[in-house]
Protein chains: 2
Amino acid sequence: MNIKEFFDLSAGKWFSHRTSHHLAFKQFEDGKSDIVIEILAADHPEVIKLCQRYKIAHSSAACSAKVTWNGIMEGNQQKDSGSAVLVSIPDVDNPDEGKLLRETGSTKEASVIGRYKVGSDGALTLTTEYENICSEERLWFASPNLRMRVRVLKRSDGFSTASFTSEIRMGGVPSTKKVSETANSASS
Amino acid sequence: MNIKEFFDLSAGKWFSHRTSHHLAFKQFEDGKSDIVIEILAADHPEVIKLCQRYKIAHSSAACSAKVTWNGIMEGNQQKDSGSAVLVSIPDVDNPDEGKLLRETGSTKEASVIGRYKVGSDGALTLTTEYENICSEERLWFASPNLRMRVRVLKRSDGFSTASFTSEIRMGGVPSTKKVSETANSASS
């Protein structure tokens, strides 16, 4: 698995279920979301714009994607929707690692630049540091229709959050099964 | 990290927080537990007994442990307590992989024999098949005081459960900090 293959396998429509454990408080938060991941061409205007922000030639991008989510947090029933553009820029000497540019449509978050690494086991690790927070996220496919994500947030004051997301493919590449069939075949 | 080092680092008292996602039903279950992990000597009576059950010489065990848990499931407030003995038997040609014997004190579950593998990234993967269920669990340390576990259950009828467990060291090896300090230093 290389970074392009990981993006390609991620393309499609997903049902995403996230639970966050607030480690110091022994509390949790649960949220569900519909997610659409679309592959963007290297010359897509949003890719060019994001690369320009970091003074990187867009032709050096291995792959790019737009992620759109539309969800709700349990408890307070707070809506959570938005979109983000992701652009991967492989290192020249090792394409399994590189920069990951990310820009969200939300005004709350600025664009960030992090690092990606595709492991020998096919898992993708994303590391981002911003302000006083370090985020490390591991994403992998339990099957082509079941994607898993674990993210640990480390704050400089020691408090941490561990989030787990299970994502079931509801349509798109590579499965073209109906929704009800896909939910039951996440293990296939 | 080898299997013995993984067991040694796991020894101690932990606060364990587990969330299970029932993939087909889009529902979840939350549970919290205190866990104590003790290393057992290769000639401990419970190790010898478990090895005898599988006709394996206990001298071939790399390491063994007893896990005792005392928890509660959210919602129905159902108590969940018990203990299990784990014995790792490395393959002769590759000690990073091998058999994992497991026996619980509970009468509900029989003893099972599975496989373990320590990856180059230090994560431990446990695979167990019993009846019509395949369980694959990945355990790793985000820090010496923060252990993570993700388990996927695949049933032959296609329904699956994905469980995430975050575990904060509350005492024992290698940290001897007070509980309150440890909860805040899970990222250290």
Side-chain angles (χ1 to χ4, degrees), chain A residues 15-33 74 117 119-121 123 125 133-134 136 138 140-143 145-170 179-188, chain B residues 15-33 74 117 119-121 123 125 133-134 136 138 140-143 145-170 179-188:
Chain A
F15 168 75
S16 176
H17 185 173
R18 186 177 76 228
T19 306
S20 299
H21 292 181
H22 299 287
L23 301 176
F25 304 109
K26 301 183 178 178
Q27 291 178 341
F28 73 96
E29 246 181 338
D30 198 72
K32 290 167 186 169
S33 192
E74 208 107 330
K117 184 176 180 178
S120 56
D121 57 356
T125 304
I133 296 178
C134 173
E136 186 169 305
R138 176 184 159 86
W140 72 100
F141 289 89
S143 81
N145 294 327
L146 178 58
R147 198 171 83 148
M148 320 284 270
R149 294 160 52 186
V150 171
R151 187 164 77 147
V152 182
L153 289 185
K154 297 180 183 177
R155 284 169 44 172
S156 55
D157 62 5
F159 291 88
S160 295
T161 305
S163 304
F164 173 59
T165 308
S166 60
E167 297 178 315
I168 302 169
R169 187 185 299 278
M170 305 306 277
V179 168
S180 59
E181 287 174 8
T182 308
N184 292 347
S185 70
S187 65
S188 66
Chain B
F15 168 74
S16 176
H17 185 173
R18 185 177 75 228
T19 305
S20 299
H21 292 182
H22 299 287
L23 301 177
F25 303 109
K26 301 183 179 178
Q27 291 177 341
F28 73 96
E29 247 181 337
D30 198 71
K32 290 167 186 169
S33 193
E74 207 107 330
K117 183 176 180 178
S120 57
D121 57 356
T125 304
I133 296 178
C134 173
E136 186 169 304
R138 176 184 160 86
W140 72 101
F141 289 90
S143 81
N145 294 328
L146 178 59
R147 197 170 83 149
M148 320 284 270
R149 294 160 53 187
V150 171
R151 186 164 77 146
V152 182
L153 288 185
K154 297 181 184 176
R155 284 169 43 173
S156 55
D157 61 6
F159 290 88
S160 295
T161 305
S163 304
F164 172 59
T165 309
S166 60
E167 297 179 314
I168 302 169
R169 188 185 299 278
M170 305 304 278
V179 169
S180 59
E181 288 174 6
T182 308
N184 291 348
S185 70
S187 64
S188 65

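In what follows, chains are A, B, ... by sequence order, proteins preceding strands, each numbered from 1.
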(message) Are the side chains of A:T19 and B:F164 in contact, using a 4.5 Å heavy-atom criterion?
(response) no
(message) Counting heavy-atom pairs closer than 4.5 Å to chain A, which one of B:G119, B:S120, B:C134, B:A162 comes out on top?
(response)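 Highest number of pairs under 4.5 Å: B:A162.
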(message) Can you give me the closest heavy-atom contact between A:I168 and B:L23, atom names plus distance?
(response) CD1-O, 3.1 Å
(request) Please name the pair of heavy atoms, one in A:K154 and one in B:A142, separated by the smallest distance, quoted to 0.1 Å. (result) NZ-O, 3.5 Å
(request) Counting only heavy atoms closer than 4.5 Å, note whether A:Q27 contacts chain B via side chain, backbone, both or neither. (result) backbone
(message) I'd like to know whether NZ of B:K117 has more than 12 heavy-atom contacts from other residues, nucleotides or ligands below 6.0 angstrom.
(response) no
(request) Step through the shown structure and confirm whether more than 12 heavy atoms of other residues, nucleotides or ligands are within 6.0 Å of CZ on B:R18. (result) no
(message) For B:H17 and A:H21, take the angle between the two ring planes, folded into 0 to 90°, and tell me which bin it lands in: parallel under 30, tilted 30 to 60, perpendicular over 60.
(response)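 Geometry flag for A:H21 against B:H17: parallel rings.
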(request) Please list, chain by chain and in numerical order, all residues satisfying salt bridge (Lys or Arg N to Asp or Glu O under 4.0 Å) with A:R138, sequence neighbours excluded. (result) A:D121
(message) Under the rule for salt bridge (Lys or Arg N to Asp or Glu O under 4.0 Å), what residues qualify as partners of B:R151, not counting sequence neighbours?
(response) none
